[in-house]
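Beneath this line is the structure, given in structure tokens, with notes to follow.
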Number of protein chains: 2
Amino acid sequence: MGALILEPLARPDGMTTHEYAHRRLRQAIMVGSIRPGESLTIRGIAEAMESSPTPVREALRRLSSEGALKVLDNRRIMVPKMTAERFGELIALRAVLEKHAARRAVAHITERQIDRLVEIDTAQDEAIARKDNATALLLNQEFHRTLYTANPDQIIMPMVESVWLQLGPFLGIAMEHVALLYFVDRHQEAIAALRKRDADAVAEAINADICEGIGGFERAAIENLLRLARQ
Amino acid sequence: MGALILEPLARPDGMTTHEYAHRRLRQAIMVGSIRPGESLTIRGIAEAMESSPTPVREALRRLSSEGALKVLDNRRIMVPKMTAERFGELIALRAVLEKHAARRAVAHITERQIDRLVEIDTAQDEAIARKDNATALLLNQEFHRTLYTANPDQIIMPMVESVWLQLGPFLGIAMEHVALLYFVDRHQEAIAALRKRDADAVAEAINADICEGIGGFERAAIENLLRLARQ
DNA sequence: ATTTTGGAAATGTGATCACAAAAATCAATA
DNA sequence: TATTGATTTTTGTGATCACATTTCCAAAAT
């Protein structure tokens, strides 16, 4: 039984234990560092983060409601298995959700916030240039999140994050077998469209960003990756 | 402190306590029987369903991850307040999600399943005819759920249900102040389109069903309802 | 009358314990 | 050697308890 490895994570004070457990597990899943099928035990996790079963269970419940984990009939908890079909559904859903989120942000976003997007994008390009995949991934997420949350009444962000979470295991597999993730982004296109307040163009840029980014994997490539991972 | 009223609910055996608590609270929220702002206490709920804090807390965590509940800074838990803006976001999101879910179900649904949709729709019409709003609501949900889950790899259903949950409080308010919910539905249109395997027409029927149903409330009417409820 | 303040009650949180079910281990048998 | 069966260990679950924080309420002060 291999011990669970969990990246330590800063814990702001006032943060409850279950919240901390949730964040730490979530981050691990998001970057694909927990393998589908790997058995997660409550006591194991509690021990790994030096706490007790109660708050860990709360974290696991939340993650299962977010689609990041699946409870089996045995009541065992695991990261859902990835299939080519599921991957396709996730990408299609991601595109629909984020197109919509982007479109509804256009009316609310300020020039100041667009400037912030530019900052994030250049930081991401630098990370890509120095082949720092982890940082690039985080900055890419921050770009999208900053855009979508410009809408103050926005409700969609938790769902977008749920899709990101569910794509995590695929990222993990891809990173293991492909040297580096090919990063195309259409962020500049999105920024230009935002400046012009052209909602359709923004939505289309985000759509292309997703479809040509992680969504660009060919079905054959996906099945190949999954076959490699299975063994 | 008014005691919490919770509809008793059948508990299939093998169902865990936290799961049961989750389902019961979820159903109460979904039909709007818990008012926004009403304070929910863990011990209160535990007492109401004759269990203990631990499983109730797990249920509350799940519901907050599903957007049905919100944890305040006080760590108090409540049903989110409804505003006209939030309502608008929810309806727009609901339309986008369900159009997509419907479209992606078309290729998978069987004639047998379409027959089932017809059954559900006629049962709903009967419920509407006898002014049985609660049953009509449930059957309407079952219609949509049956359609969307025809796609075996579907991933979107939890998100659709999350939106339904978040609309719950509005339903509660509307039911209190409007004698009966005006039920227009475009189900027959959707069924006809399904028989023809016309994905665009299915999506459009679902879109109309949502926009002319609960989404059809005018902004003025919404603000009026919310003002009435506040007092 | 309004505000302040003190303590009592209520509440969220997390650790621990006991129990039952599931999984794993190992010995005995075919 | 493979398989069955019993025992041991592991695991999920939920009740309970102790602690810290917040809320509530009444009495006192301004």
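Sequence lines set the chain letters: A, B, ... in the order given, protein chains first and strands last, and positions in each chain run from 1.
Picking from D:dT23, C:dT13, D:dG14 the nucleotide with the shortest atom distance to the side chain of B:N74 gives D:dT23. Nearest to the side-chain atoms of B:R75 among the listed nucleotides D:dT16, D:dT11, C:dG12 stands C:dG12. Among the nucleotides C:dG12, D:dT11, D:dT13, the one closest to any side-chain atom of B:R43 is C:dG12. If you check D:dT13, C:dA15, D:dG12 against the side chain of A:R76, the one that comes closest is D:dG12.
One interatomic measurement links the two molecules: CG of B:L40 to C1' of D:dT22, which rounds to 17 Å at whole-angstrom precision. B:I45 places its CD1 atom 12 Å from the C1' atom of C:dT11, with the value rounded to the nearest Å. C:dT13 atom C1' lies 17 Å from atom OH of A:Y20, rounded to whole Å. Atom CG in A:L60 sits about 13 Å away from atom C1' in D:dT13, given to the nearest Å. Between B:H22 atom NE2 and D:dG14 atom P the separation is 14 Å, expressed in whole Å. When the P atom of D:dT13 is taken as reference, atom CD1 of A:I77 falls 7 Å away, rounded to whole Å. In this entry the distance linking CG of B:L72 with C1' of C:dT11 reads 14 Å, nearest Å. Rounded to a whole Å, the CD atom of B:E58 is 15 Å from the P atom of C:dG12.
Side-chain N/O atoms of A:R116 and A:T110 include no donor and acceptor closer than 3.5 Å.
A:H18 has no side-chain polar atom (N or O) that falls below the 4.0 Å cut-off from OP1 or OP2 of C:dT13. Regarding contacts with the backbone of D:dG14, a side-chain N or O of B:T17 is found under 4.0 angstrom from either OP1 or OP2. For the pair B:S52 and D:dA15, the criterion of a side-chain N or O lying under 4.0 Å from OP1 or OP2 is met.
Residues A:P80 and A:A68 approach most closely at CD-O, 3.3 Å, considering heavy atoms. Pairing each heavy atom of A:H18 with each of A:A59, the nearest pair is O-CB, 3.7 Å.
Taking only distance into account, the side chain of A:T54 never meets the base of C:dT13 through a donor-acceptor pair shorter than 3.5 Å. One donor-acceptor pair, N or O on each side, does fall under 3.5 Å between the base of D:dG14 and the side chain of A:R57.
Residue-environment remark: CZ (B:R35) stays at or below the threshold of 12 foreign heavy atoms within 6.0 Å.
Using a 30° and 60° split on the angle between ring planes, A:F87 and A:F170 fall in the tilted class, from 30° to 60°.
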